[in-house]
Amino acid sequence: ANTRINKWRVDGLIGGSIYYYQDNSMMVETQNGISVPGYYSIAASVDPAKVTPSTGKKQVNSAYAKASVSWNNLWFLDVTGRNDWPSTLSARNRSYFYPSAASSFVFSELVKMPDWVSSGKLRGSWTQTKSDPAVYAIQNAYTATSNVWNGLNSAAYPTALKNSALEPQTSRTYEMGAAFAFLKNKLNFDIAYFNKLYYNQIANTTISNASGFATSQVNTQQQIVRRGVEVTISGTPINKKNFRWDATFNWSFNHQYYQQLDAVYSSKYQWVQQGARYDWISVYNWDRSPDGQMINQGGYPVKATYLSVMGNSDPNWIWGLNNNIHYKQFNLSFSLDGRVGGLAYSNTNQAMWNSGVHPESDNKFRYEEVVNGNRTFVAPGVVVTSGTVDRDVNGNITKDTRVFAPNTQVVSYEAYIKRYQSNAYT
């Protein structure tokens, strides 16, 4: 429905839907090879074939509504609401509602702007979304396996304790921003701040094996927030009769933080704190002296027994430049983009070290060992000549009486790299 009253315009809709999903599949595998070489058939299985059937059904009943209000093409408001009833939740938690609202105000239509300002707009939005768990995620069911022993089948109860009281996972997002156009819309500028909160998330937590299960499903009280800023500048640097160049530049950053911790289920690492970054990367690094040098023992590095943070996975910021060039009847489009900062792990780089084809491994130490049979490699770092070190549960040094000396032990370069470079295939 829609109507117009003087400078006001109102329209809206009400609707409903029924979503039904059904999936049936069956996977059949030969066991212990095939009886006839080259005859790739289930019938050629040496032992009885393994059959794994799977089935899934889900239905979501929904009702929704939307209303839009505007005044004089100056102020706009959109409000929505939706209620879902999914079959994947228990009857007690099956009904949930999630709304949204968005508004914008074209202030350049109300306030006299300089001639070089074509338009100006403020905007904001808020929304809540909810999602149900996977099919049968809250129901315990046996898993049947064929030909487990002596042709007999078996059935096993799940090791994860399902939770019929689970509630839907929820996220809340709000955004605010401003947009401007300059020089008769030849140059456009847009800036936005966004904030997305994740809460009531479903997690599998470790429980005592004495319960008969390994994990349990819960709605954790931990909350994670992602927030950031995005800036977009677009325009037409060149606009001639037969030549036109349109360009759009985008710059943004967004990071995740701990908004709230769960006293029971949140990680107990010292760097997990309210307000701290969520995207941390931790490893068992190499043990080092107080001045940062690697500690060796017998000529090889010593692995630390405590976790430490290497950095964060999210980039510091992201940028992109899109270009569209028109010349007569020809058109050329190209883009450039980059992610600056943040840590990433390269399996390819690690696999090159493991297989001995990394360019940096082609050095004098390897040549001397392989060609001349001489071991000449001395690892950088130090050795402990005396003293001890005490640490707390987080690996922080509480007492250190160690005395260090430069490492002088000659070792096999190949053996050192096998220890120093972890395995990409495990």
Pair [X]-[Y], side-chain donor/acceptor within less than 3.5 Å:
{"X": "Thr129", "Y": "Ser171", "result": "yes"}
{"X": "Thr398", "Y": "Asp390", "result": "no"}
{"X": "Ser361", "Y": "Arg366", "result": "yes"}
{"X": "Asn219", "Y": "Glu167", "result": "no"}

Quick one: does [X]'s side chain get under 4.5 Å of [Y]'s, heavy atoms only?
{"X": "Asn407", "Y": "Pro380", "result": "no"}
{"X": "Asp337", "Y": "Leu321", "result": "no"}
{"X": "Tyr198", "Y": "Val225", "result": "no"}
{"X": "Val69", "Y": "Trp71", "result": "no"}
{"X": "Asp78", "Y": "Lys66", "result": "yes"}
{"X": "Phe213", "Y": "Ile207", "result": "yes"}
{"X": "Asn296", "Y": "Val302", "result": "no"}
{"X": "Thr248", "Y": "Ile233", "result": "no"}

Hey, is [X] close enough to [Y] for a salt bridge, meaning N to O under 4.0 Å?
{"X": "Asp314", "Y": "Arg226", "value": "yes"}
{"X": "Arg123", "Y": "Asp190", "value": "yes"}
{"X": "Lys364", "Y": "Glu368", "value": "no"}

**Verdict with reasoning, Ser252 to Trp317, per side-chain hydrogen bond (donor to acceptor under 3.5 Å, both in side chains)** = CA-CA 6 Å; Ser252 67; Trp317 47 278; over 6 Å; no
Verify the ring-centre separation between [Y] and [X]: is it less than 6.0 angstrom?
{"X": "Tyr306", "Y": "Tyr284", "value": "no"}
{"X": "Trp286", "Y": "Tyr420", "value": "yes"}
{"X": "Trp280", "Y": "Tyr269", "value": "yes"}
{"X": "Tyr278", "Y": "Tyr258", "value": "yes"}

**Asked** Run the side-chain contact (heavy atoms from CB on, under 4.5 Å) check on Tyr21 and Lys57 step by step: do they pass?
**Response** CA-CA 6 Å; Tyr21 165 91; Lys57 295 180 180 181; over 6 Å; no
**Request:** Could you tell me whether the side chain of Asn372 and the main chain of Asn374 form a donor-acceptor pair under 3.5 Å?
**Result:**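 Flag not set: sc Asn372 to bb Asn374 has no pair under 3.5 Å.
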To the closest 0.5 Å, what do you measure between [atom1] ([X]) and [atom2] ([Y])?
{"X": "Gln270", "Y": "Leu307", "atom1": "CD", "atom2": "CG", "value": "10.5 Å"}
{"X": "Ser70", "Y": "Arg4", "atom1": "OG", "atom2": "CZ", "value": "7.0 Å"}
{"X": "Gln223", "Y": "Ser266", "atom1": "CD", "atom2": "OG", "value": "10.0 Å"}
{"X": "Lys240", "Y": "Ile238", "atom1": "NZ", "atom2": "CD1", "value": "8.0 Å"}
{"X": "Ser104", "Y": "Lys121", "atom1": "OG", "atom2": "NZ", "value": "5.5 Å"}
{"X": "Ile191", "Y": "Trp251", "atom1": "CD1", "atom2": "CH2", "value": "8.5 Å"}

Which heavy atom in [X] sits nearest to a heavy atom in [Y], and how many Å separate them?
{"X": "Val264", "Y": "Lys268", "value": "O-NZ, 3.1 Å"}
{"X": "Gln201", "Y": "Thr170", "value": "NE2-O, 3.3 Å"}
{"X": "Leu89", "Y": "Arg94", "value": "O-NH2, 2.7 Å"}
{"X": "Ala65", "Y": "Ile14", "value": "CB-CG1, 4.1 Å"}
{"X": "Phe404", "Y": "Pro290", "value": "CE1-CD, 3.7 Å"}
{"X": "Gly299", "Y": "Tyr416", "value": "O-CD1, 3.8 Å"}

**Request:** Check the pair Ser125 / Glu175 against side-chain hydrogen bond (donor to acceptor under 3.5 Å, both in side chains), numbers first and verdict last.
**Result:** CA-CA 5 Å; Ser125 62; Glu175 178 180 333; 4.8 Å; no
Parallel, tilted or perpendicular: which describes the rings of [X] and [Y], with under 30° parallel and over 60° perpendicular?
{"X": "His358", "Y": "Trp353", "answer": "parallel"}
{"X": "Tyr413", "Y": "Phe377", "answer": "perpendicular"}
{"X": "Phe107", "Y": "Phe180", "answer": "perpendicular"}

**Request:** Using side-chain contact (heavy atoms from CB on, under 4.5 Å) as the criterion, point out the one residue from Val340, Ile318, Val231, Val229 that pairs with Phe253.
**Result:** Val229
**Message:** As a quick check of understanding, evaluate side-chain contact (heavy atoms from CB on, under 4.5 Å) for Gln350 and Asn347, giving each step before the final call.
**Reply:** CA-CA 5 Å; Gln350 188 61 69; Asn347 283 87; 5.7 Å; no
**Request:** For Phe105, enumerate each residue passing the ring-ring contact (aromatic ring centres under 6.0 Å, His included) test, keeping only those at least two apart in sequence or located in another chain.
**Result:** none
**Prompt:** Between Asp291 and Gln293, is a side-chain hydrogen bond (donor to acceptor under 3.5 Å, both in side chains) present by the stated rule, with each step listed?
**Reply:** CA-CA 6 Å; Asp291 61 354; Gln293 297 188 72; 2.9 Å; yes
**Fill in**
Only residue of Asn323, Thr236, Asn324 satisfying side chain to side chain donor-acceptor pair (under 3.5 Å) with Asp246 is Thr236
Listed pairs under 3.5 Å, donor-acceptor, residues 80-88 side chains, sequence neighbours left out:
unit_1 : atom_1 : unit_2 : atom_2 : d
Thr80  : OG1    : Ser100 : OG     : 2.3
Arg82  : NE     : Asp84  : OD1    : 3.1
Arg82  : NE     : Tyr98  : OH     : 3.3
Arg82  : NH2    : Ser62  : OG     : 3.1
Asn83  : ND2    : Ser95  : OG     : 3.1
Asp84  : OD1    : Ser62  : OG     : 2.6
Asp84  : OD2    : Tyr98  : OH     : 2.7
Trp85  : NE1    : Ser95  : OG     : 3.2
Ser87  : OG     : Gln59  : N      : 3.0
Ser87  : OG     : Gln59  : O      : 3.4
Thr88  : OG1    : Asp132 : OD2    : 2.5

**Prompt:** Going through the checks in order, is the side-chain hydrogen bond (donor to acceptor under 3.5 Å, both in side chains) test met by Gln256 and Asp279?
**Reply:** CA-CA 6 Å; Gln256 295 186 81; Asp279 57 318; over 6 Å; no
**Request:** Mind running side-chain contact (heavy atoms from CB on, under 4.5 Å) on Gln221 and Gln260 for me, showing each step along the way?
**Result:** CA-CA 7 Å; Gln221 298 302 306; Gln260 176 180 298; 4.2 Å; yes
**Prompt:** Around atom OH of Tyr367, are there more than 12 heavy atoms of other residues, nucleotides or ligands at under 6.0 Å?
**Reply:**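 Atom OH in Tyr367 is not packed in, count stays at 12 or less.
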**Request:** Report the C-alpha separation of Ser313 and Leu343 in whole Å, then their side-chain angles, then the decisive distance to 0.1 Å, and conclude whether the side-chain contact (heavy atoms from CB on, under 4.5 Å) test is met.
**Result:** CA-CA 5 Å; Ser313 59; Leu343 291 182; 5.9 Å; no
